[in-house]
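Letters A, B, ... are given to chains in the order of the sequence lines, protein chains preceding strands, and every chain is numbered from 1. On a predicted model such as this, the values are computed, not experimentally measured, just so you know.
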Amino acid sequence: MKKTDTTKSVRSKGFEKRIKAAAGKKYILRLYVTGMTPRSLRAITNIKKLCEEYLNGRYDLEVIDIYQRPTLAEGEQIIAAPTLIKKLPLPLRRFIGDMTSTEKILLGLDLRPGKTKTSSKSV
Amino acid sequence: MTDKTIKRGHQRSQLSKSPTGIQGLDEVTGGGLPKGRPTLVAGGAGCGKTLFGMEFLVQGARQYNEPGIFVSFEENSRELTKNFSSLGYDLNELVARKKLILDHVYIERSEIEVTGEYDLEGLFVRLQSLIDSIGAKRIVLDTIETLFSALPNEGILRAELRRLFRWLKAKGLTAVITAEKGDGNLTRHGLEEYVSDCVIALDHLVTNLVATRRLRIVKYRGSSHGTNEYPFLIDDTGISVLPITSVALRHAASIERISSGIPRLDAMLGGKGFFRGSSILVSGTAGTGKTSMTAHFADSVCRRRERCLYLAFEESENQIIRNMRSIGIELEQWTRQGRLTFHAARPTMYGLEMHLARIHRLIETVKPQAVLFDPITNLMAVAGANEVKAMLTRLIDYLKLNKITAFFTNLSHQHTLEQTDLAVSSLMDTWISLRDIELGGERNRGLYVLKSRGMEHSNQIREFLLTDKGIDLIDVYVGGENVLTGSARAAQETKERAEETLRSEEIERKKRELDRKRQAMEAQVAALQSQYEAEEEELNVNLGELKLKKQVVKEDHEKMFLRREHGAGVKANKSGSGRPAK
């Protein structure tokens, strides 16, 4: 029990640091969709909502239709659609799907630890 | 509606094929891969799947003017370019000419988070843009299975792959999709479910510690195809498949004759020797002089100012030269002049495919008029009899097409003297058998021509002598009930000579006796003759006297008659007729 407590505190300390570091940074996000399919629209709505909620004012989200700019699909290694790429802050991460699972996106964006209590509850 | 009727009916319209340009494969598949359809190439690691795909594209671009796209899920473009430059493929040049696109699809599992439903539309868009950019006709996906480990939710993935293959088909692209071999299945992820037009399996079989690559066409919808496992090889010119039925036996037959290097052997072969471009097999048990015969032939080839390639599987070049010097054949002069090229390698050095490849390459560089294999039996250590036969068939066809005389030696065993281990005899035009003849505590060598197509040949066994001036063939003693060689032959010959002398002496003697008899008879005849003559003379004398007496008597009678008629005269003469007349 003690051990888990200490590790938790250490971990949360690390997270605090990273969140602080991340907090100042601007998020550069690119969402690649394929036309205005229901899935694309769902992804756009979901990610916009999420950004507004968690990254208010410090994000740059661009939605790109790869039908319009197919060469980007190659350059950005887009296989699946929709794909969200977190270009900054590093490390680079990709999210594929219609962005319905908010938890996973937040985890991937290093935004989850802000809600440590919920996460520990879920664990 | 069977595949066959389609094929026979409208072969052109129904089944256009896309030639791969891979040596031999187009012959096995009857023209190439199905045009505008996907083909699955499955095999384990290191089977040559990537190479297969790349060669399909490179040959397509070079020979058939069909631009292609190589979508690699494993190696990036730089690695690919580097790997294939060792095969002499300048991928950069093809890329620059817009004949080829190398596209690396990079997927890193750890970077990816799945947040809901997705599709592979991104890949579709990407492929579409690549296809449009060069007007691609061919595409290779190597290895799309990587997606299974990179992306979760297999259900979505399978549905998307099915859609992808349908899409490629609709686009009219001839596609090669490579896949890892699975346990029990053809592919690890069951891709054969989706790609069903043509499936090719590549394999890497290790027998007797030597690996042989094999290729098999598992299915080919709507077309007949060779069903065997064909050995194939990868060398610095790419893949070549070795279908044994590839060459349609169309080579021209030469009527030119070349010497075997042994005049007496030439005499046995209709007096002129072998046909140029024919295949010759010399089989025999150990130590019967196969290599010596080979050396004789090599020597005669070089003497005709032709080039000769000697493939030695048992002895090194130096050893052969040294050993042949002992029977008076100087091969070193020919190697120095460049007419004789040795290539000595242990058969186990590499697989059969590599041997074949090397032999092909050597033949192409040396351009010989004759190739010698000494002995082919050793290749058996590398692969089974069938593979060796397949290889030799292919090789002989190739040699015949190029009018190269092939000379093989084969080590046979005592009990299988007239059946070669490799069952290659049917491939051979001339078959000379060397055998041991054990007699009277000696082992001697015998030679005879088992067969020789297209020429009259001797049915005689000749004794085969290795002298310091080379091979000599002499007649064996064939008399009575057995064949004698060596000292037994010599003894027999001496014996015969002695008997002969005796016989001729006897004849002389009889002749003389006859003479004498005749002389004796003649003398007797002469004696009788002279006796007869003497008697005849005497008889003749007597006869004369008698005749005279008879005359006198007759005259007396007449006188007496006259006297009786005249009276007086008769009385006067009475005393004269005192003897009574008869």
Measuring heavy-atom distances to chain A, does B:Asp103 have an atom under 4.5 Å in its side chain, in its backbone, in both, or in neither? side chain

Sort B:Ile156 into side chain, backbone, both or neither according to what part of it lies under 4.5 angstrom from a heavy atom of chain A. neither

Is A:Lys87 positioned over the aromatic face of A:Tyr27, cation under 6.0 angstrom from the ring centre and no more than 45 degrees off axis? no

Which pairs count as salt bridge (Lys or Arg N to Asp or Glu O under 4.0 Å) when at least one residue sits in residues 44-57 of chain A, sequence neighbours excluded? none

Qualifying residue, where the test is side-chain contact (heavy atoms from CB on, under 4.5 Å) with B:Phe52 and the options are B:Thr39, B:Thr178, B:Ile200: B:Ile200

Side chain, backbone, both or neither: which part of B:Leu147 has a non-hydrogen atom closer than 4.5 Å to chain A? side chain

So, are B:Glu79 and B:Lys82 salt-bridged, with charged N and O less than 4.0 Å apart? no

Answer with side chain, backbone, both or neither: which region of A:Arg93 has an atom nearer than 4.5 Å to a non-hydrogen atom of chain B? both

When the 4.5 angstrom heavy-atom criterion is applied to A:Tyr32 and chain B, the contacting part is neither

Strictly below 4.0 Å, N to O, side chains only: are B:Glu66 and B:Lys35 in salt-bridge contact? yes

